[in-house]
Amino acid sequence: MQIIHSPRHLGHSGHVELMNGRVVPAFEKPERVAMILRAVGERQLGPFVDPTAHGLDPVLKVHDEAFIRFLSTAWQQWTADGRDFPALPSFWKAPGMRAIEPDNIDGKLGHFSFDAGCCIVAGTWDAVQAGADIALTGVDLIADGQPNAFALCRPPGHHAHAGTMGGYCFVNNAAVAAQSFLDRGAARVAVLDVDYHHGNGTQSIFYDRPDVLVCNIHADPMQEFPYFLGYADEAGQGPGEGFNANFPLPWGADFEGWGAALEAACVLVADYAPDALIVSLGVDTYKDDPISQFRLDSPDYLKMGARIAKLGLPTLVVMEGGYAVEAIGINVANTLEGLLQG
Ligand SMILES: NCCCNCCCCCC(O)(O)C(F)(F)F
Ligand SMILES: [Zn+2]
């Protein structure tokens, strides 16, 4: 399995987040990638591949131009008036206020975000562009005949909407990849999001479209971030009706419950018969994840990979979350190994 990654993710370092009302060092830390590289290298799961540059056109197929312009200039605007510390949004619009992009950078940060979990530093935009190129390089490899590939993206992407960042996400790598598969001739693409948190961005981007089936297995948003999307009754709208499926699970879910949801999601994917499958892989479902409440254990990821392999589809795995740094490598490697041996 080709493993695509780039050291440019390191530019997104030294960032913070607002957690429990306090500004703390971000849980989405650079060491996550080093641990994954070490584990997949030790298992010899595949050659490491550098991403090829794809420019912004494929990103602009999914994201709003004003949003991408904002992401590419936010740090310059933030530091223009002397602020040399990480940028965080602080002000958001309530329903009934106007969805206008202000001139003021604090106003822009709020206009283009839905939480204070998307911190921007000097190297963030470069890391985000590399992440999109990593996912797009994975599409190229599979479109050119590889059965699978692993896009080791950082920062993650599945919370990013067409015009909104949040939950550590800026550009939606999985959504950009799905659109690229379609542009390369696929008629249908399925996204299976197994991250602990609902992929609200991916759902919203394809919500009214039948050409991308989006399935999410995640913590019940009544209890857990992102709170305001990810409920079981969200089935798609208009032409997209029936092409979105959410499997929310309660805190404390272990592989017995989680695996049953995976089985149901895999049946939907098989019935949809896509030309390609994208797995938004977060391993924050792990029992010792510091910010999550599921109870999966490391051997469960082997079973997860094996079940996905049984679909027999060209599969692009796109890295999302997972914050138990000491175990993230084992759990990602187990998922990939299960996929390869399935
Ligand atoms: N008490 C709730 C705190 C929630 N804090 C933000 C959680 C962000 C999760 C990000 C992720 O893991 O879904 C991604 F894959 F995008 F990285
Ligand atoms: Zn997550």
Side-chain angles (χ1 to χ4, degrees), residues 9 12 15-33 35-36 88-89 92 113-119 124 127-128 131-132 134-135 151-161 164-177 191-205 214 216-230 246-253 258 278-296 301 304 317-325 327-328 331-332 335:
H9 79 91
H12 188 56
H15 52 305
V16 294
E17 66 175 282
L18 185 59
M19 174 73 85
N20 298 328
R22 286 171 297 172
V23 175
V24 297
F27 282 88
E28 196 291 295
K29 54 184 71 168
E31 293 79 6
R32 299 173 59 240
V33 169
M35 296 298 280
I36 294 167
L88 274 182
W92 290 275
S113 68
F114 69 81
D115 77 351
C118 42
C119 182
T124 299
V128 166
I134 288 167
L152 181 39
C153 298
R154 184 183 171 269
H158 73 147
H159 295 303
H161 290 234
T164 310
M165 62 185 183
Y168 313 159
C169 300
F170 304 88
V171 161
N172 194 317
N173 304 306
V176 169
V191 178
L192 175 61
D193 187 324
V194 298
D195 189 277
Y196 168 76
H197 304 92
H198 177 257
N200 53 291
T202 312
Q203 171 174 311
S204 70
I205 287 165
V214 180
N216 264 279
I217 307 168
H218 53 283
D220 186 343
M222 196 56 81
Q223 292 179 299
E224 184 58 83
F225 180 90
Y227 304 117
F228 307 111
L229 206 66
N246 287 327
F247 299 89
L249 296 172
W251 278 353
W258 198 94
I278 294 169
V279 178
S280 268
L281 177 61
V283 291
D284 39 4
T285 46
Y286 180 57
K287 63 185 175 66
D288 296 334
D289 193 276
I291 68 167
S292 308
Q293 315 297 330
F294 279 178
R295 310 281 314 143
L296 271 61
Y301 296 93
M304 182 189 302
V317 180
V318 176
M319 194 65 211
E320 301 285 358
Y323 308 100
V325 176
I328 190 171
N331 294 336
V332 169
T335 308

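In each ligand, atom 1 is the first atom listed, and ligand 1 is the first ligand listed.
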At what distance, to the nearest 0.5 angstrom, does CD1 of Ile328 lie from CG of Asp289? 8.5 Å

Nearest-0.5 Å distance that lies between atom NE2 in His198 and atom CG in Asp220: 11.0 Å

I need the His159 NE2 to Asp193 CG distance, nearest 0.5 Å. 8.0 Å

Do any of the N/O/S atoms of His158, backbone or side chain, fall under 2.8 Å from the Zn ion (ligand 2)? no

Nearest heavy-atom neighbours spanning Ala160 and Cys169: N-CB, 3.7 Å

If you look at each N/O of ligand 1, which protein N/O atoms lie under 3.5 Å away, and at what distance?
unit_1	atom_1	unit_2	atom_2	d
ligand 1	12 (O)	His197	ND1	3.3
ligand 1	12 (O)	Asp284	OD2	2.9
ligand 1	12 (O)	Tyr323	OH	2.5
ligand 1	13 (O)	His158	NE2	2.8
ligand 1	13 (O)	His159	NE2	2.6
ligand 1	13 (O)	Asp195	OD1	3.2
ligand 1	13 (O)	His197	ND1	3.2

How many angstroms lie between atom OG of Ser292 and atom CD of Glu224, to the nearest 0.5 angstrom? 6.5 Å

Stepwise side chain to side chain donor-acceptor pair (under 3.5 Å) test for His158 and Ser280: CA-CA 7 Å; His158 73 147; Ser280 268; 5.2 Å; no

Angular separation of ND1 (His197) and OD2 (Asp284) seen from the Zn ion (ligand 2), to 10°: 100°

Please name the atom of Asp195, limited to N, O or S, that comes nearest to the Zn ion (ligand 2). OD1

Let me check your reading of the structure: within less than 2.8 Å of the Zn ion (ligand 2), is there an N/O/S atom from Glu320? no

Using ring pair (Phe, Tyr, Trp, His ring centres under 6.0 Å), reason through Phe225 and Tyr168 one step at a time and then give a plain yes or no. CA-CA 12 Å; Phe225 180 90; Tyr168 313 159; 7.6 Å; no

Aromatic plane relationship, His12 with Phe170 - under 30° parallel, 30 to 60° tilted, over 60° perpendicular: perpendicular

